[in-house]
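Heads up, the thing below is written out as structure tokens.
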Protein chains: 2
Amino acid sequence: MQKKITELRDRLTNLDYKFTPQRRAVLEVLLKNPDGHLSADEIYELVKENYPEMGIATVYRTLDLLVKLDILQKLNFGDGCSRFEFSQSEHHHHHLICLKCGKFIEVRGDLLEKLEEMITRENQFEIINHELKFYGYCSDCRNKNKDKE
Amino acid sequence: MQKKITELRDRLTNLDYKFTPQRRAVLEVLLKNPDGHLSADEIYELVKENYPEMGIATVYRTLDLLVKLDILQKLNFGDGCSRFEFSQSEHHHHHLICLKCGKFIEVRGDLLEKLEEMITRENQFEIINHELKFYGYCSDCRNKNKDKE
DNA sequence: CTTAATGCAAAGTATTTGCAGATTT
DNA sequence: AAATCTGCAAATACTTTGCATTAAG
């Protein structure tokens, strides 16, 4: 944890960004909730617990910066706000989104290589990243009634 | 085109929804722009050309209904609004999104079966649909400078 | 001391909702 | 006639922006 924070400080200072307590606080919240898929507002609420004077605009600006530095990835689960997780350049992973209860489940897997190769070849499109979401019913909901709403 | 409209009328009346000129007009715009990935607002503007009294709330409500009936699928390309396309239960297709110019390219392909099987087996998650987006650089942009902004 | 970053409040978008009146069945 | 649907405007939700002040390097 301390290591990650030092890493961020170095990344920032190297690029002439400043290492502020607010930026540190956002990173700490993210590190404490590694699988949280937190939204900006959720991060804001958590940061405020230790840092009551934090403003939401700073959270948004910090998140933008962390995405730009490729420390975070912005995700969209279709629930009306962006959510964030640490970029994982090595381990591609996908999301299972339950259509009934809305639960997010993470799946690791790198089975897209062949597909990527084909797409690159056929479309001359250079793939940098991908996002894969599966919608369906999680084990908890499968046995219950599947009707929405 | 006429066939699709009749189909919608029947679907609606069968489920005790009403077949209104507004709903018809939204469907017509979508049928005329099959690869448009139109947003609610773009649909609204197009509908207004022939139907100036249309209200934007009706567009949103109609799109919600069409998604609920599984006629449309709601997509998110991360540009701040939802976009819509006809559901394609047979031909799964994916989107290539250029990080530089923002162009969307559609790719057809059904290479995810193995991955789906594995996920279903390992997570007891019943997959109904998926959304796959590749981010990268399209052929037009590959040769140009890749720097963003 | 210089420049970037912050907090606040206001502004901007996209979307949703309440409701009276219009329309479909 | 009964129930749904519509348009409008107001409300909401998320995010961005302007600006005076504060803080980092």
Side-chain angles (χ1 to χ4, degrees), chain A residues 5-6 8-29 37-48 50-69 72 74-84 102 149, chain B residues 5-6 8-27 29 37-69 72 74-84 102 149:
Chain A
I5 292 170
T6 308
L8 177 67
R9 191 197 55 211
D10 295 345
R11 289 282 295 283
L12 292 178
T13 47
N14 283 343
L15 293 163
D16 283 325
Y17 293 111
K18 290 171 182 175
F19 182 66
T20 66
Q22 289 90 337
R23 286 172 179 173
R24 183 203 179 102
V26 167
L27 185 68
E28 280 177 356
V29 162
H37 296 124
L38 299 177
S39 67
D41 199 62
E42 286 164 357
I43 293 166
Y44 173 60
E45 291 301 330
L46 289 167
V47 169
K48 275 206 297 189
N50 297 310
Y51 206 119
E53 63 273 42
M54 170 68 86
I56 185 111
T58 301
V59 173
Y60 277 104
R61 283 184 286 226
T62 301
L63 292 170
D64 282 351
L65 180 61
L66 295 177
V67 168
K68 200 161 121 187
L69 297 182
L72 295 182
K74 195 190 246 188
L75 304 175
N76 188 297
F77 291 120
D79 64 344
C81 60
S82 294
R83 296 181 171 276
F84 298 84
E149 86 203 285
Chain B
I5 291 171
T6 308
L8 177 67
R9 192 197 54 213
D10 295 345
R11 289 282 295 282
L12 291 178
T13 48
N14 283 342
L15 293 164
D16 285 326
Y17 294 110
K18 290 173 178 171
F19 182 65
T20 65
Q22 290 90 338
R23 286 172 178 172
R24 182 204 180 101
V26 168
L27 185 69
V29 161
H37 296 123
L38 299 177
S39 67
D41 197 63
E42 285 164 359
I43 293 166
Y44 172 60
E45 291 300 331
L46 289 166
V47 169
K48 275 205 300 187
E49 288 176 8
N50 297 310
Y51 206 120
E53 63 275 41
M54 170 67 86
I56 184 110
T58 301
V59 173
Y60 277 103
R61 285 184 285 227
T62 300
L63 292 171
D64 282 350
L65 180 62
L66 295 176
V67 168
K68 200 162 120 189
L69 297 183
L72 294 183
K74 194 190 245 191
L75 304 174
N76 187 298
F77 292 120
D79 64 344
C81 61
S82 295
R83 296 181 170 277
F84 298 84
E149 83 205 290

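Note that the structure is a prediction, hence the values are computed from the model and not measured. Below, read A as the first sequence line, B as the second, and so on, with proteins coming before strands; counting in each chain starts at 1. All heavy atoms count here, side chains included; hydrogens, waters and symmetry mates do not.
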note = On DNA chain C, more 5' by nearest nucleotide between B/Ala57 and B/Thr13 is B/Ala57

note = Between B/Pro21 and A/Pro21, whichever has its closest DNA chain C nucleotide further toward 5' is A/Pro21

Output the rounded distance in Å from [atom1] ([X]) to [atom2] ([N]).
{"X": "B/Met54", "N": "C/dA22", "atom1": "CE", "atom2": "C1'", "answer": "15 Å"}
{"X": "B/Asn14", "N": "D/dT4", "atom1": "CG", "atom2": "P", "answer": "17 Å"}
{"X": "A/Lys68", "N": "C/dA5", "atom1": "NZ", "atom2": "C1'", "answer": "13 Å"}
{"X": "A/Leu63", "N": "D/dC14", "atom1": "CG", "atom2": "P", "answer": "14 Å"}
{"X": "B/Ile56", "N": "D/dT6", "atom1": "CD1", "atom2": "P", "answer": "14 Å"}
{"X": "A/Asp64", "N": "C/dT6", "atom1": "CG", "atom2": "C1'", "answer": "15 Å"}
{"X": "B/Arg83", "N": "C/dT13", "atom1": "CZ", "atom2": "C1'", "answer": "13 Å"}
{"X": "A/Asp10", "N": "D/dG25", "atom1": "CG", "atom2": "P", "answer": "11 Å"}

Taking the minimum atom-to-atom distance to the side chain of [X], which one of [options] wins?
{"X": "A/Thr20", "options": "C/dT17, C/dT24, D/dA24", "result": "D/dA24"}
{"X": "B/Tyr60", "options": "C/dA14, D/dA9, C/dT24", "result": "C/dA14"}
{"X": "A/Lys18", "options": "C/dT15, C/dG7, D/dA23", "result": "D/dA23"}

key: Comparing A/Cys81 and A/Phe19 on DNA chain D - which has the more 5′ nearest nucleotide   = A/Cys81

request  = Return the 5'-most residue of the pair B/Tyr17, B/Tyr44 with respect to DNA chain D, ranking by each residue's nearest nucleotide.
outcome  = B/Tyr17

remark   = B/Ala25 and B/Tyr51 have their tightest heavy-atom pair at CB-CD1, 4.2 Å

query = Looking only at heavy atoms, which two atoms of B/Asn76 and A/Asn76 are closest? And how far apart?
reply = ND2-ND2, 3.0 Å

query = Can you check whether A/Ser82 has a side-chain N or O nearer than 4.0 Å to OP1 or OP2 of D/dT15?
reply = yes

ask   = Are OP1 or OP2 of C/dG7 and a side-chain N or O of A/Gln22 less than 4.0 angstrom apart?
value = yes

Pairwise distance CZ(B/Phe19) to CZ(B/Arg24) - rounded to 0.5 angstrom = 5.0 Å

B/Arg83 side-chain N/O to B/Phe77 backbone N/O, donor-acceptor pair under 3.5 Å = no

query = Reckon A/Arg61 touches a base, only the sugar-phosphate, or nothing at all at heavy-atom distances under 4.0 Å?
reply = base

query = Is there a side-chain contact between B/Thr58 and B/Thr20 (heavy atoms, below 4.5 Å)?
reply = no

